[in-house]
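Data block below; observations after.
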Amino acid sequence: MKKQSPKDRIKNFNEVALGMSEEEAVKEASRCLFCKEPKCSANCPVEIDIYRFIDAIKNKKFDEAIKVIKEKNNLPGVCGRVCPQEDQCEGACILNAKNKPINIGALERFAADWELNQLSAISSSAKGETSPATAGGQLSAKTGAKVAVIGSGPAGLTCAGDLAMMDYKVTVFEALHTAGGVLVYGIPEFRLPKEIVKKEVDYLKSLGVEIIENFIVGKTSTLKELFAQGYKAVFIGTGAGLPSFMNIPGENLNRVYSSNELLTRANLMKAYLFPDFDTPINIGKKVAVIGGGNTAMDSARVSLRLGAEKVYIVYRRSEKEMPARKEEVENAKEEGIEFHILTLPKRIVSDDKNFVKAMECIKMELGESDASGRRRPVPIHGSEFIMDVDTVVVAIGQSPNPVFLKATPELKLGKWDKIVVDSKTQATNIKGVYAGGDATLGNDTVIAAMGAGKRAAKAITLHLSILNAQV
Amino acid sequence: MFKILSNEKIAPRIFRMEIEAGLVAKKARAGQFVMIRIDEKGERIPLTVAGHDDKNITIVYQAVGVTTHRLAEKKQGEHLLDVVGPLGHATELGEIGTVCCIGGGVGIAELYPVAKAYKGSGNKVIAIIGARNKELVIYKDELKKISDEFFVTTDDGSDGEKGFVSNVLERLIESGQKIDLVYAVGPGIMMKVISDVTRPSKIKTLVSLNTVLVDGTGMCGSCRIEMDGETKFACVDGPEFDGHKVNFDEMIARQSLFKEQEGHACKIRGIKT
């Protein structure tokens, strides 16, 4: 897939990966061997019939391709862009034997974008309300029970979409002013344009999903009040919004940000358009981003685009252990981000105005394997050094958002306040209440959250049909 | 969209706005805040709920930056794009005894619902409010009405006594006045001084912190403060904290993070700061 050149793209927030043309997509689809027992689909957390959609693209039946995808996935434009395909469908592709797996993610994105383009062409000529041509659901009034979904991130949206297609009346409650959760506040514009998220959210609305923004369950209403208002089941998809810090000296200095703050300012609030937009961001010239996940890569690349001259990734293990997608690490390196691996921050040094002046780090080496199977990093005695930076971004993970959890003490929580659920049904300890996504997983992928949303929708359907039979 | 029912200037640069926001109004309690956003390009800012009934909420703000200046230009009948809340913990009430409620500047408006709630739950309320000058003393009659004892201070002596709210508090403590709780809301430096005044006599002191927020729901950590060596988030752990444990110097320093950017934005819009 074509990309913006690193030289150009570090100066803008436009999408880096440019997508495939029709010819390119058909050519790529034609490489597929169409295995009798496709391994790709078996490795898709939402079980897309990949064989059929690639076959449709090969035969230039693009409308058919997106229809096949939407049988299982209501957010194809998102997934085509941010799924770790290399670990899932593409990772299982038989053509890996020749190191040339089918670029399934790019094809999914192609099909999704093709449809969105068709739709905008129709709506701009008709100027009226258009429903997506391939909508799997009905626009008519829903006859099923009322279901509440808390949080409009990937887990919540998926659960809501699947339930709406089963004719339930679904209301999604979103705390922020825009639907999408991590897709809008976390993942940067240059990886996932917000217009794509908006269009896919609009698609869910066209299936009959109602979305109420600026509504915090736990504050604006409690879980009990939702049931009292007639909701028969609830899905909790409140995400992992609470940023972790390292608890080292100097962490509250000015220009130390959590990755959440940096990304929310840039992505949700469009601080990169300041002062045309009102939300500011204060980024210095030399930025250290601490962490090795996708969020760290996003934070580094956002910092660069906000005008930093030097951006460093500071990670305590080696590159092999980095949880970020390979593609994102490569993108970051192409853009000139420097990697300081096997490096652990010890303290952040202040200037006389309480701003970051430098960061003291210590070198690490890999020791024995730990519980995660990765080799444990151990400090090298006496290897401390000072890193010349004026901004620090802490991207070492998040734990579940506490607002809803604090207001719902009856909900059973596990380690790190993750909601305890049944792995098959996503059911919590409260009857009729289900949960999924990062609120239960910690920091996982968009597609893992979507898989959980799907399982929950299935279980909720069953729960509601039993309730219905009892009446 | 949230309809603006009124937006009046109550003192130089200080405005009171009433907004139709039923869901928030029904739940709001003294001490809580809302996040608002004017329009698509607006930033999210926190404002304490200064009053509410079943349908509407009142906010009081000082026009100091771009957003508050833009708010001040809003007219009755216009709308705010987003209002969300109520956020933060509500003030813990109950029979405490004598509560000394202290407000400074625009913080006086934030003090009012809290003082009223303390009074309503059977406490003796001593109110001390302070401002730079007479014109900036707000909510005077309202607070006077609900307090058992009432003091005004101004920097220039144009209203009440000349000096600071902390002077009155010191005098009360020295005179042997029994105080079970001090509640302070206002500029960081005022809350710091108040906490210093009550520290030797170990009078429990609550301060309501106005930190920088983005989401207001625990997501960004912009509002983090140090409490006894531990990091807390003002939005979800507060906004009220034990004044004797807050690292005020750090908190005050953190408020200057965006000063340069804000100055620039005001300048290009011709806003005098």
Side-chain angles (χ1 to χ4, degrees), chain A residues 174-178 185-186 212-216 218-222 225 238-245 247 251-265 268-271 273-282 350 353-355 394 398-406, chain B residues 2 21 23-24 26-27 32 35 37-45 65-67 70 81-89 212 214-222 224-226 230-231 233 235-237 247 249-262 264-269:
Chain A
E174 168 55 47
L176 292 172
H177 55 258
T178 307
Y185 76 75
I212 301 180
E213 291 94 355
N214 292 319
F215 194 111
I216 305 177
K219 290 286 183 189
T220 318
S221 273
T222 61
E225 286 165 338
T238 46
L242 188 78
S244 304
F245 286 92
N247 295 316
E251 221 168 3
N252 290 350
L253 290 173
N254 286 341
R255 281 208 197 128
V256 179
Y257 296 98
S258 72
S259 51
N260 265 10
E261 181 178 357
L262 175 82
L263 294 174
T264 302
R265 284 182 183 276
L268 179 71
M269 304 310 300
K270 302 209 178 335
L273 298 174
F274 181 87
D276 185 32
F277 278 65
D278 292 341
T279 303
I281 183 86
N282 184 346
S350 175
K353 292 196 174 97
N354 229 51
F355 277 68
V394 184
Q398 286 90 232
S399 52
N401 188 290
V403 175
F404 173 75
L405 304 181
K406 274 187 182 172
Chain B
F2 298 82
L23 288 171
V24 181
K26 277 191 192 69
K27 287 280 174 153
Q32 291 188 296
M35 299 296 300
R37 190 172 70 130
I38 298 175
D39 53 29
E40 276 304 325
K41 292 186 174 181
E43 64 179 324
R44 294 169 64 97
I45 64 158
V66 167
T67 300
R70 288 180 56 201
L81 187 54
D82 303 298
V83 176
V84 63
L87 289 158
H89 293 293
V212 175
V214 183
D215 62 292
T217 64
M219 238 177 66
C220 75
S222 181
R224 64 194 189 277
I225 55 147
E226 191 191 278
E230 220 184 303
T231 293
F233 287 7
C235 64
V236 289
D237 299 320
N247 180 343
D249 292 339
E250 180 189 273
M251 189 204 93
I252 292 165
R254 282 185 67 77
Q255 287 174 334
S256 67
L257 173 56
F258 299 107
K259 221 173 170 178
E260 198 188 312
Q261 284 74 15
E262 279 157 4
H264 174 65
C266 282
K267 202 174 156 193
I268 59 169
R269 284 180 160 84

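Quick note on labels: first sequence line is chain A, next is B, and so on, each numbered from 1.
Looking at B:Leu81, the atoms closer than 4.5 Å to chain A (heavy atoms on both sides) all sit in the backbone: N, CA, C or O. The contact between B:Arg254 and chain A is made by backbone and side chain atoms together, counting heavy-atom distances below 4.5 Å. For B:Ile45, no part lies near chain A; criterion is any non-hydrogen pair under 4.5 Å. Using a 4.5 Å cut-off between heavy atoms, B:Leu257 touches chain A through backbone and side chain atoms alike. The parts of B:Arg44 that come within reach of chain A are both its backbone and its side chain, each placing non-hydrogen atoms under 4.5 angstrom from that chain. Contacts between B:Val214 and chain A at a heavy-atom distance below 4.5 Å involve the side chain alone, from C-beta outward.
Rounding to the nearest 0.5 Å gives a distance of 10.0 Å between CD of B:Glu262 and CG of A:Asp278.
Contacts with chain A were tallied for B:Met35, B:Glu40, B:Arg70; B:Arg70 has the most, counting heavy-atom pairs under 4.5 Å. Interface remark: of the candidates A:Val394, A:Ile216, A:Ile281, A:Leu263, A:Ile281 forms the most heavy-atom pairs closer than 4.5 Å to chain B. Heavy-atom pairs under 4.5 Å with chain B peak, among A:Thr279, A:Asn254, A:Asn260, A:Leu242, at A:Asn254.
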*Report the C-alpha distance between A:Glu225 and B:Lys26 in whole Å, list the side-chain angles of each, state the deciding distance to 0.1 Å, and finish with yes or no for salt bridge (charged side-chain N to carboxylate O under 4.0 Å, His left out).*
CA-CA 13 Å; A:Glu225 286 165 338; B:Lys26 277 191 192 69; over 6 Å; no

*Could you walk me through whether A:Lys406 and B:Asp237 pass the side chain to side chain contact (heavy atoms under 4.5 Å, CB included) check?*
CA-CA 10 Å; A:Lys406 274 187 182 172; B:Asp237 299 320; 3.4 Å; yes

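In this model, a donor atom of one side chain and an acceptor atom of the other lie less than 3.5 Å apart for B:Glu250 and A:Asn252.
Applying the side chain to side chain contact (heavy atoms under 4.5 Å, CB included) criterion to B:Glu260, with sequence neighbours excluded, gives no partner residue.
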